[in-house]
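Numbers restart at 1 for each chain; the letters A, B, ... are given by sequence-line order, proteins then strands.
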Amino acid sequence: MKNENSTSPEDTARNASTKTPVLSVSGVDITYYSGAVKFPAIRDISFEIGAGEAFGLVGESGSGKSTVAYAVMQYLASNGEIDSGDIAFSGANLMKMSRKELLGLRGLKISMVPQDPLTSLNPSHRVGDQVAEILKIHYKLNRDEAHKRAVAMLGQVHLPAPELTALKYPHQISGGQQQRVLIAMAFCTNPELLIMDEPTTGLDVTTQARILDLIREMKLKHKTAILYITHDLGVVKNLCDRVAIIYAGEIVEEGDVASLFKSPAHPYTQGLLKCIPKTYTHKTQKKLDAIEGFLPNLADLKPACIFAPRCTFAQEQCHQQAPSFIACGENRRTKCYFTEFDAPDDAEEYENLRASSPSKRVLVKADRLKKVYPTKRGDLRAVDDTSFECKRGEILGIVGESGCGKTTMARCIVGLEDVSDGEISYDGNKIGMVRKRSKEMRRKIQMVFQNPEATLNPQKTIEEIITRPLALYKIVPKAKRHQKAVELLETVNLTERYLSRYPHEISGGEKQRVGIARAFATEPELIILDEPISSLDVSVQAGILNLLIDLQRKHHIAYIFIGHNLSVIRHLCNRVMVVYVGRICEVGTPDDLFEPPYHPYTEALLSAIPVVEPNIEQKEIRLQGIMPNAIDPIPGCAFHTRCPRKIGDVCEKNAPAEVEVKPGHHIACHIPLEELAAVNPVFKYGRRYVF
Amino acid sequence: MKDFIPFIIKRLGATAITLIAISMIIFGVCQLMPGDAVDMMLGGIALQSLGETTIDELRKELGLHLPVYQQYFNWAVGLLHGDLGTSYIMKAPIAPLVIDRLKTSLLLAFPASLMMIVFGLSLGILSAVKEKTWIDQGISFVSLSMLSVPAFLTGSLFIYIFSVKLNWIPAAFNALDMDGMGMFKILASYFGILLFPSLTLAFESIAYVNRQTRASMIEELKTNYVRTAVLKGVPPRDVVLHHALRNGLLPAITVIAFNIGQIIAGTVIIEVVFSYPGIGNLMIMALKFRDVPLIMATMIVISSAYVFANIAADILYTQLNPRIKYA
């Protein structure tokens, strides 16, 4: 395989027998250099992908999964170097290719779909031209022909009105559509290998489900080999044939998706799967198992199992010598000394997860709340006449796609936005914007923000950040502030030594913990959590979720938790509101939401969740089109433009009234309750399986 | 695109207001100068020998007895009709004279602008592509030097080397007679002569454009869409010119437009240094002789050129950037 670069890569590809894998990565080591320090980011990675096979490479941030992708593309950062190993495409060694050979290969035989579709498209070129460019370069097509084929390709990825879309600029189409354009670009030359680097991260679940359908369809149609890179195990389970789990630059386990998800062998894989809230967690009522500890420092590697410091099963030998791969079933291997573990039932059970039941007293109440942003084209109704309440000690979840108004609701409650109409009352008293509130009022409502990176002042130490609210609200006298700060850090499982650090010196999960500690510093009664875990790795997410539950039980605080992940919401909340274009579709307990009757939108959201549990059948409902713009007036039900169960004119003309299913469970839909209740549940559980 | 026409109209409206403001400032400043036109025309000594009545008549003739706002109004109406008034010293209508001199100045400013755009952009792109190599550092060094040395010094150096020492070009243009020659012929025969003044004029601007282009291109070359282009198999040259430059050009255009204005304003100094018979030299002469109508005329022409260079850039900018919101 090594000396084949004498023939051109195309010939090699053509002559290659069907048995040659499309991509073969063997024993690759990649090192990044930062000054004099060496970071062996990738160590001894090997895998193969055959034609028509989708291979998932799953890892958390910092695992080096993207580095592998760019190494295959021969596009590493200038301080990165492939030290050893081979990367062969259809038998031809990519590492020995000249720039010219690579130029002919990239975009033609090997394509890539990057993360973050908006920034990956050229903002100054029409999307049609960006697709046509590939055809012009690789097939030497003239302008008209290339354009024609580009439009046809845009149609194939199900973009609406491809002729018109082709003439648009990237900023004029939605995120899901941008990703479709990138997928069209990748498939338009019918490549043999397609590399996808988190192509659905940042998209809504409903959009993600449709993009995954599209990838699956294109894969079948074009027999493409796919290297799919992601942190999302659910997505891999839904899309891939085989999967490798990568941790800190090493593959720790590899196997068929079906068998790996059924019986994960490596402790890290098991840990990852345990971290994810299940669609039926309420049945088990267990605490999530977070993976304790951190990624090892790659600049200072020890000859031991890379995962040993965080492994609950680690033995003496794990710390002495690194294990090598052992087979564990057909086509499966794991880098661990053991294949069987006495799984101690260490998952601490809550007496009753939601037993810290809210009191009957209403804490905050929104009455016919409206928030309108005036724009040039008309008023944008971000929150459109919604009423809801949150009781003392309750965890209220708000879910919906991005742009549905859930964050605006939260901002109105905290007082960062002025309401346009309606009112918000707290403990029975009307409250206005933050500057009109009393200091005492401000103390009672705190907020934890979505992006921990951006919400901590980079110039202040953690101590300054945490003691600031203590001083502002005179929670404790000056002499005791340090002591109080230490206590607060301890409640979020951080230690005193963090006090003197600056935000850039700690990890994302730790920053979010500091954000939570800061919110708790004022001893509030209500904390608004705006997607506090969505930017964090799954193993970190679990820890934060556990922490939030613990703190809530201890202090009996009310939370309003904004999220888009229904599994997380189900795990955490007492009550959930499903929101669509500023209006409430359904309110109820999480259990109510997961069983029929469903609002058709709730049903679609549930069916879009990429579930990781084996033995679950999931109904496939896909929402077409995009969320209507809240600027244009929407008569009738806001969801009628995309509703798969629309019953007729009544949906377009009249706004549906809320129907009570049972006390506390309301659905706003024209479809009669009996019909809504008659549908099959989205999830059909086979044998209950607990990892 | 449908918003484009109203956008242009709005911009032109704003430009009109700017020009009115400028004309007021120019008129006002000239009013503040000690003495009036008659004093200047006649000079201090002659004034005494003439009778007060003659002077008053002269004032009346020139419209100087009118209230200031009336004078401004008459002048402004004249401007709109292309009448820039009459020069006291030349005793001739100013408009043809200024237009003539403007042409000669543009003969200097145009190649200077061209040099700024060509050298500024290409050196900037080269620097960005070769970031942190000796080529980049060399270009940075040269452009920093270009920024730091004032134009009159560069000009004088050029004259010293190429006129005095090497004797390649004449040191002054006063002797040259450009009357009756077509623009093209002038351009052809005086290429050598124009080269150094326009190069001097362009020097500082080349450096500015180069710095801006370098900075924005380095930024663009790091973006995700450039990565997409590379991984699409786009040849490196097209990645730079077709993908990155299209976006990297936007900030550069603002700087170019600003510098076209600077070049126009810079002609005043360069023309004096090279004794070049352009509008800048005309203005200096007018100032020397306190020829108020001529001062105002040259000032308003130079300012208008500056304003129009900027509006042209604004419009070009919106055309190149599809993301711009017309406002």
Task: Atom group of A/Glu133 that falls short of 4.5 Å from chain B, counting heavy atoms - done: side chain
Open item on the list: Is it the case that over 12 heavy atoms from other parts of the model lie below 6.0 angstrom from the CZ atom of B/Phe110?
Closed with: no
Task: More than 12 heavy atoms from other groups under 6.0 Å of OH on A/Tyr139 - done: yes
Task: Contacts of residues 225-237 of chain B with chain A (heavy atom under 4.5 Å) - done: B/Tyr225, B/Arg227, B/Thr228, B/Val230, B/Leu231, B/Lys232, B/Gly233, B/Val234, B/Pro235, B/Pro236
- [ ] With a 4.5 Å heavy-atom cut-off (strictly below), which parts of residues 119-127 of chain A touch chain B? List them by number.
- [x] A/Thr119, A/Ser120, A/Leu121, A/Asn122, A/Pro123, A/Ser124, A/His125
Open item on the list: Please determine whether the number of non-hydrogen atoms from other residues, nucleotides or ligands lying under 6.0 Å from atom OH of B/Tyr306 exceeds 12.
Closed with: yes
Task: Within 6.0 angstrom of B/Phe258 CZ, more than 12 heavy atoms from elsewhere - done: no
Open item on the list: Can you confirm whether B/Tyr208 is buried at OH, in the sense that more than 12 heavy atoms of other residues, nucleotides or ligands lie under 6.0 Å from that atom?
Closed with: no
Open item on the list: Report, in residue-number order, which members of residues 239-256 of chain B are under 4.5 Å from chain A by heavy-atom distance.
Closed with: B/His242, B/His243, B/Arg246, B/Asn247
Open item on the list: For B/Leu19, is the CG atom crowded, meaning more than 12 foreign heavy atoms sit under 6.0 Å from it?
Closed with: yes
Open item on the list: Atom NZ of residue position A/Lys148 - does it have more than 12 heavy atoms of other residues, nucleotides or ligands inside 6.0 Å?
Closed with: no
TODO: Output the residues of residues 176-186 of chain A for which the shortest heavy-atom distance to chain B is under 4.5 Å, in residue-number order; output 'none' if no such residue exists.
DONE: A/Leu182, A/Met185
TODO: Would you indicate whether A/Glu145, at its atom CD, is surrounded by more than 12 heavy atoms from other residues, nucleotides or ligands within a distance under 6.0 Å?
DONE: yes
